[in-house]
2 protein chains.
Amino acid sequence: METRRDIFQAIADPTRRAILVLIALQAMTPNALAEHFHTSRQAVSKHLKVLTECELVKPELSGREIYYQLEIGKMKEIDTWLEPFRKLWEDRFNQLDIVLATLKKQQNEK
Amino acid sequence: METRRDIFQAIADPTRRAILVLIALQAMTPNALAEHFHTSRQAVSKHLKVLTECELVKPELSGREIYYQLEIGKMKEIDTWLEPFRKLWEDRFNQLDIVLATLKKQQNEK
DNA sequence: TATAAGCGCAATGATCTGGTTGCGCAACTA
DNA sequence: TAGTTGCGCAACCAGATCATTGCGCTTATA
């Protein structure tokens, strides 16, 4: 079945998020990754397939080994989606800032 | 079945992401939300249940209507996870910046 | 008070998901 | 060349997801 891959669906799985974190530090092979989890290499391979399909990760051949490395640019897409929301919480933070400043002022005037 | 709710799993669904975007602008009732999608009110209600369980959304009663509003603070948790990755792409951007500066310098020296 | 409107919940069903096992193939190694 | 080692792929299976439908409860309206 040709399932459409999607970044948000990809990072929904905790194991895949962990893989992304590990790979962010250094490109790794499926076997090396599997050692960090309580699952088989094949399971990790399936996760890597999902991550590769949505281009969050890129395989790099080296003999019979395959080093998977992070495609950091793709991660930015998540950030892009978050952008408008970020504005909201920054605004709220600013409002809180104002409240705190007002309280402090009132305290000084006592 | 008591499924553990998780923010990343919550935003994996495109309809739920759309709900978050709509609600960010203004608190809305399930019926009002359902009008924006090609699904039933019950389906929207189920999505709202998921979003409420992981506290991305909060119900506000008003007579027989329920206005759901965004819990912006929870959205920030996604941003927090993204934080270390952001460093990476900012670094890469800085490196690109350096490259561009160098190129410009060389051009000026011609 | 009778009727309609707004919801949530439960049951059902099709489709996805994530894990396992068993291959087979290519690439190192003795 | 014979035997490992590292991988991906296919088949299979239990459990999760998402949408639909049918209810029943509460609140507004005539």
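Quantities reported herein were computed from a predicted structural model and do not represent experimental measurements. Residue numbering restarts at 1 for every chain, and letters A, B, ... go by the order of the sequence lines.
- A pairwise comparison of heavy atoms in A10(A) and V50(A) identifies CB-CG1, 4.3 Å as the closest pair.
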List, one per line, each side-chain donor-acceptor pair under 3.5 Å for residues 18-33 of chain B, sequence neighbours excluded.
{"from": "T29(B)", "atom 1": "OG1", "to": "A32(B)", "atom 2": "N", "distance (Å)": "3.2"}

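- Each of dT20(D), dG8(C), dT17(C) was ranked by its minimum atom distance to the side chain of R5(A); first place goes to dT17(C).
- Taking atom CG of L51(B) as the reference point, atom C1' of dC18(D) lies 14 Å away to the nearest angstrom.
- For the pair I66(B) CD1 and dC25(D) P, the computed distance is 17 Å after rounding to whole Å.
- Whole-Å rounding puts the R17(A) CZ to dG18(C) C1' distance at 15 Å.
- Applying the side-chain contact (heavy atoms from CB on, under 4.5 Å) rule to K49(A) yields the partners E53(A); only residues at least two apart in sequence or on another chain are considered.
- Checking the phosphate oxygens (OP1, OP2) of dA19(D), no side-chain nitrogen or oxygen of S40(B) falls inside 4.0 Å.
- For the atom pair I7(B) CD1 and K76(B) NZ, the distance stands at 13.0 Å (nearest 0.5 Å).
- dG19(C) atom C1' lies 11 Å from atom CG of D13(A), rounded to whole Å.
- Between K49(B) atom NZ and dC18(D) atom P there is a gap of 13 Å when expressed in whole angstrom units.
- Between the CD1 atom of I19(A) and the C1' atom of dG18(C) there is a distance of 12 Å, given to the nearest Å.
- Looking at residues two or more places apart in sequence or on another chain, you find a side-chain hydrogen bond (donor to acceptor under 3.5 Å, both in side chains) between E65(A) and Y67(A).
- Listed by first and then second residue, the side chain to side chain donor-acceptor pair (under 3.5 Å) pairs involving residues 11-21 of chain A are R16(A)-H47(A) (not counting sequence neighbours).
- Contacts of A43(A) classified as side-chain contact (heavy atoms from CB on, under 4.5 Å), with partners at least two apart in sequence or in another chain: T39(A), S40(A).
- Qualifying side-chain contact (heavy atoms from CB on, under 4.5 Å) partners for P84(B), counting only residues two or more places apart in sequence or in other chains: none.
- Computed from coordinates, the L61(B) CG to dG8(C) P distance equals 9 Å when rounded to whole Å.
- Phosphate contact (OP1/OP2 of dC16(C), side-chain N/O of Q9(A), threshold under 4.0 Å): absent.
- Between the CG atom of D6(A) and the P atom of dT17(D) there is a distance of 16 Å, rounded to whole Å.
- In this structure, the side-chain hydrogen bond (donor to acceptor under 3.5 Å, both in side chains) partners of R86(A), at least two apart in sequence or on a different chain, are D79(A), E83(A), D79(B).
- For K74(A), the side-chain hydrogen bond (donor to acceptor under 3.5 Å, both in side chains) partners are E77(A), not counting sequence neighbours.
- In terms of the side-chain hydrogen bond (donor to acceptor under 3.5 Å, both in side chains) criterion, R41(A) has no residue partners (sequence neighbours excluded).
- For the segment residues 20-35 of chain A, the set of residues with a heavy atom within less than 4.0 Å of an atom of DNA chain D comprises T29(A), P30(A), N31(A), in numerical order.
- OP1 or OP2 of dG8(C) lies within a sub-4.0 Å distance of a side-chain N or O belonging to S45(B).
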Could I get a table of every N or O pair under 3.5 Å where one atom is in the protein and the other is in nucleotides 11-14 of chain C?
none

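- Contact between the side-chain N/O atoms of H47(A) and the OP1/OP2 oxygens of dG19(C) is found at a separation under 4.0 Å.
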Sequence-aligned protein contact record of nucleotides 22-30 of chain C, with B where the base is within under 4.0 Å of a protein heavy atom and S where only the sugar-phosphate is: B----BS--
